[in-house]
**Student:** 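Sharing a structure, written as structure tokens. Questions coming.
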Amino acid sequence: MEFSPEAKKQYETILKRYPDKRAALLPVLWLGVREFGYISIEAADYIANLMGLSGSQVYSVASFYTMFPKRKIGKHHIQVCKTLSCWMGGAPKIIDHLKNRLGINVGETTPDGNCTLSTVECLGSCGTAPMMQVDVDYYENLTPQSVDQILERLK
Amino acid sequence: MPKILLANIHKPNQKHIATYKENGGYKGLTKALEMTPKEVMDEVIKSGLRGRGGAGFPTGRKWSFVPQNTGKQIYLLCNADESEPGTFKDRLLLERGPHMLIEGMIISAYALQCHLSYIYIRGEYAFIVPTLEKAIQEAYDAGYLGPSVMGKDFALDIVIHLAAGAYICGEETGLIRSLQGGRGYPTVKPPFPAVQGFLASPTVVNNVETLAAVPWIIVNGAEAHTKLGTEKSPGTKLFSVSGPVVKQGVFEVELGYPLKKFIYEDCGGIKDGKKLKGVIVGGSSVPILRADEIENVNLDYESLMSAGTFLGSGGMIIIDETGSMPELLATLADFYEHESCGQCTPCREGTGWMAREIHKMLEGKSKPGDIDKLLHITKMIEGNTICALADGAVAPVRSFINKYREEFEALIPKE
Ligand SMILES: Cc1cc2nc3c(=O)[nH]c(=O)nc-3n(C[C@H](O)[C@H](O)[C@H](O)COP(=O)(O)O)c2cc1C
Ligand code: SF4
Ligand code: FES
């Protein structure tokens, strides 16, 4: 397990932005997610080695942050907000609709490995509820119809 | 209403430096660099600007706690972690007015004599990062950032730091621990970040909205700022409004603006002719106000405090008569349970316990006395913790129960 030559260059660039190597750990973990898909124990060990840390230090940090996947997830990650404003705006209906359409429960991945469904806490989009994040993009003011259109594009 | 932050925000291309400058952008920086750092700091102190991240601490005074003679680097950290439920105002500034923030950061860094500044942005806002990166690059190209800002003997770099999903990293000491490459565990204060912050150096953490207000203050002067708002809450504040009102979105109001007028006029009132049931004015961590409690309450720090709540982040959540308070409270209890960092036993155990009790009620599995038990739990959590998340978790539970108790009683099976 190793970074690609391109990622190694990015790693060097990242280090230059911090007066202390350890401070670069979060961006390097992001780089790890881009390279390896998720932060496995092996990936943590590799990053630890690069940065002069122990594997358990790196894994302990990775596991603190919900956005670093620790296991293989689908090609697309669908994350529906379920906090107060989205709840009032109809998040439960959207979550049920997604479960039905994808045929999976929250926390699961479709058998073809295409989509993982999660629920998350407030994403700063409360005025355009209900909403979900698919990979990096926000989709707001959702209706079952707009969810179908979005799913269509993910196929 | 006078606008400081949103005056130009909805004009197209405001995120590009050329348009920003056509609308008066970077005039504040030009003026600030003609002043001494001390003069800039004094101007911000005199303006009465208070932190817009939640705590409302006077910004200039916070800066003045930074010792200038330690020989260490001084750091300015922009808190763009915005994760308080109901809050989405910083997002608007980041997406549409990045140069206002950058200009504010440069001026503030100059006042503090800071040469390296980070924007700590929540991981989910990754989609905004390209906009921010472009704006920062434009500022470098224009000579507003780099080894010699506008040809002066002042160097500044701004770096974007993408976080990875943890509400607690919005708490300033948690943010610092996180930026150091660790878990976002808050630390006990003192020592305060101003003295011992990022990498044990003097550090100021300021919210996006706070920093974005600085250029206006320098251009128009502290006195113009104190003419807006009230004596103790000068200036304007952004409120992000969600829930069943006619107009949701981000509003800029002069502090001291009447809450009722704001809801019924500016936000167009409650949708579909329904009745207001309650309003959480400052993000989920502040006590809710019942509909009959909003008379004569104004949107400023003092008035909201005398009404028994806080201005907080300005994340205003409206609840109409159809909302089931126990059900809505459960979403918040789940939030705090999920976001407690787990360092303090009362917070780690208490947030989970509260959530379980509320879900039990919703499932009809509670017993008489359980409501009081829940209130008792809130007392055990409060006060005894490292950071304010625990108090924030207690505020909705206690206020929802005390103010809508009959809805909770209705869930308890009769013996
Ligand atoms: C649990 C918790 C979460 C917080 N989250 C944020 C946040 O997302 N953004 C923010 O600016 N301040 C947040 N704060 C407040 C910060 O600790 C700090 O007071 C603020 O960033 C200081 O900036 P200001 O003085 O400009 O408001 C949070 C505080 C607590 C206790
Ligand atoms: S109060 Fe809660 S969130 Fe804050 S440090 Fe303690 S356990 Fe962590
Ligand atoms: S409650 Fe869903 S985005 Fe804020």
**Student:** Please report the interatomic distance OH(B:Y167) to OG1(A:T83), rounded to the nearest 0.5 Å.
**Tutor:** 11.0 Å

**Student:** Name the option with the most non-hydrogen atom pairs under 4.5 Å to chain A; the candidates are B:G243, B:G86, B:S242.
**Tutor:** B:S242

**Student:** Supply the atom-to-atom distance A:C126 SG to B:R91 CZ, rounded to the nearest 0.5 angstrom.
**Tutor:** 9.0 Å

**Student:** Using non-hydrogen atoms and a 4.5 Å limit, figure out which bit of B:Y336 sits close to chain A: side chain, backbone, both or neither.
**Tutor:** neither

**Student:** Counting only heavy atoms closer than 4.5 Å, note whether A:Y18 contacts chain B via side chain, backbone, both or neither.
**Tutor:** both

**Student:** Of all the residues in residues 93-106 of chain A, which have a heavy atom that comes within less than 4.5 Å of a heavy atom in chain B?
**Tutor:** none

**Student:** Would a 4.5 Å heavy-atom cut-off, applied to side chains only, mark A:P27 and B:L162 as touching?
**Tutor:** no

**Student:** Does any backbone or side-chain atom of B:D320 lie under 4.5 Å from a heavy atom of chain A? Answer side chain, backbone, both or neither.
**Tutor:** neither

**Student:** Identify which part of B:L92 has an atom lying under 4.5 Å from any heavy atom of chain A, answering side chain, backbone, both or neither.
**Tutor:** neither

**Student:** Quick check: closest heavy atoms across A:C122 and B:P85, and the distance to 0.1 Å?
**Tutor:** SG-CA, 3.6 Å

**Student:** With only heavy atoms counted, which part of B:I319 is less than 4.5 Å from chain A, the side chain, the backbone, both or neither?
**Tutor:** both

**Student:** Which one, B:P244, B:G181, B:G165, B:A164, leads in non-hydrogen pairs under 4.5 Å with chain A?
**Tutor:** B:A164

**Student:** State, to 0.1 Å, how close B:F88 and A:G124 come at their nearest heavy-atom pair, and which atoms those are.
**Tutor:** CB-O, 3.2 Å

**Student:** Would you say the side-chain atoms of A:W30 pair up with the backbone N or O of B:A163, donor to acceptor, closer than 3.5 Å?
**Tutor:** yes

**Student:** I'd like to know which of B:H338, B:E82, B:K89, B:E84 tops the heavy-atom pair count under 4.5 Å against chain A.
**Tutor:** B:H338

**Student:** Report which part of B:L332 has an atom under 4.5 Å of a heavy atom belonging to chain A: side chain, backbone, both, or neither.
**Tutor:** side chain

**Student:** With only heavy atoms counted, which part of B:S240 is less than 4.5 Å from chain A, the side chain, the backbone, both or neither?
**Tutor:** neither

**Student:** Where on B:S284 is there a heavy atom nearer than 4.5 Å to chain A: the side chain, the backbone, both, or neither?
**Tutor:** neither

**Student:** List the steps and the verdict of side chain to side chain contact (heavy atoms under 4.5 Å, CB included) for A:R22 and B:Q180.
**Tutor:** CA-CA 6 Å; A:R22 169 82 194 239; B:Q180 288 172 173; 5.6 Å; no

**Student:** Begin with the C-alpha distance, continue with both residues' side-chain angles, and end with the deciding distance and a verdict on salt bridge (Lys or Arg N to Asp or Glu O under 4.0 Å) for A:K82 and B:E327.
**Tutor:** CA-CA 12 Å; A:K82 64 174 177 65; B:E327 183 187 324; over 6 Å; no

**Student:** So which residue, B:V241, B:L179, B:T322, ends up with the most heavy-atom pairs under 4.5 Å with chain A?
**Tutor:** B:L179

**Student:** Could you check whether any side-chain N or O of A:R17 sits under 3.5 Å from a backbone N or O of B:V159, counting only pairs where one atom can act as donor and the other as acceptor?
**Tutor:** no

**Student:** Name the region of B:Q73, side chain, backbone, both or neither, that has any atom closer than 4.5 Å to a heavy atom of chain A.
**Tutor:** neither

**Student:** Give every residue pair that meets the side chain to side chain donor-acceptor pair (under 3.5 Å) criterion with at least one member in residues 41-52 of chain A, sequence neighbours excluded.
**Tutor:** A:S40-A:E42

**Student:** With rounding to the nearest 0.5 Å, note down the distance linking CD1 in B:I280 to CG in A:L84.
**Tutor:** 5.5 Å

**Student:** How would you list, in number order, the residues of residues 56-76 of chain A that have a heavy atom less than 4.5 Å from chain B?
**Tutor:** A:S60, A:V61, A:S63, A:F64, A:Y65, A:T66, A:M67, A:F68

**Student:** Which is it for A:M88 and B:I317 under the side chain to side chain contact (heavy atoms under 4.5 Å, CB included) test, yes or no, and what are the steps along the way?
**Tutor:** CA-CA 10 Å; A:M88 287 192 288; B:I317 307 168; 3.6 Å; yes

**Student:** Out of curiosity, A:L26 CG to B:C169 SG, how far, rounded to the nearest 0.5 Å?
**Tutor:** 8.0 Å

**Student:** Can you name the residues of residues 124-131 of chain B that have some heavy atom under 4.5 Å away from a heavy atom in chain A?
**Tutor:** B:E124, B:Y125, B:A126, B:F127

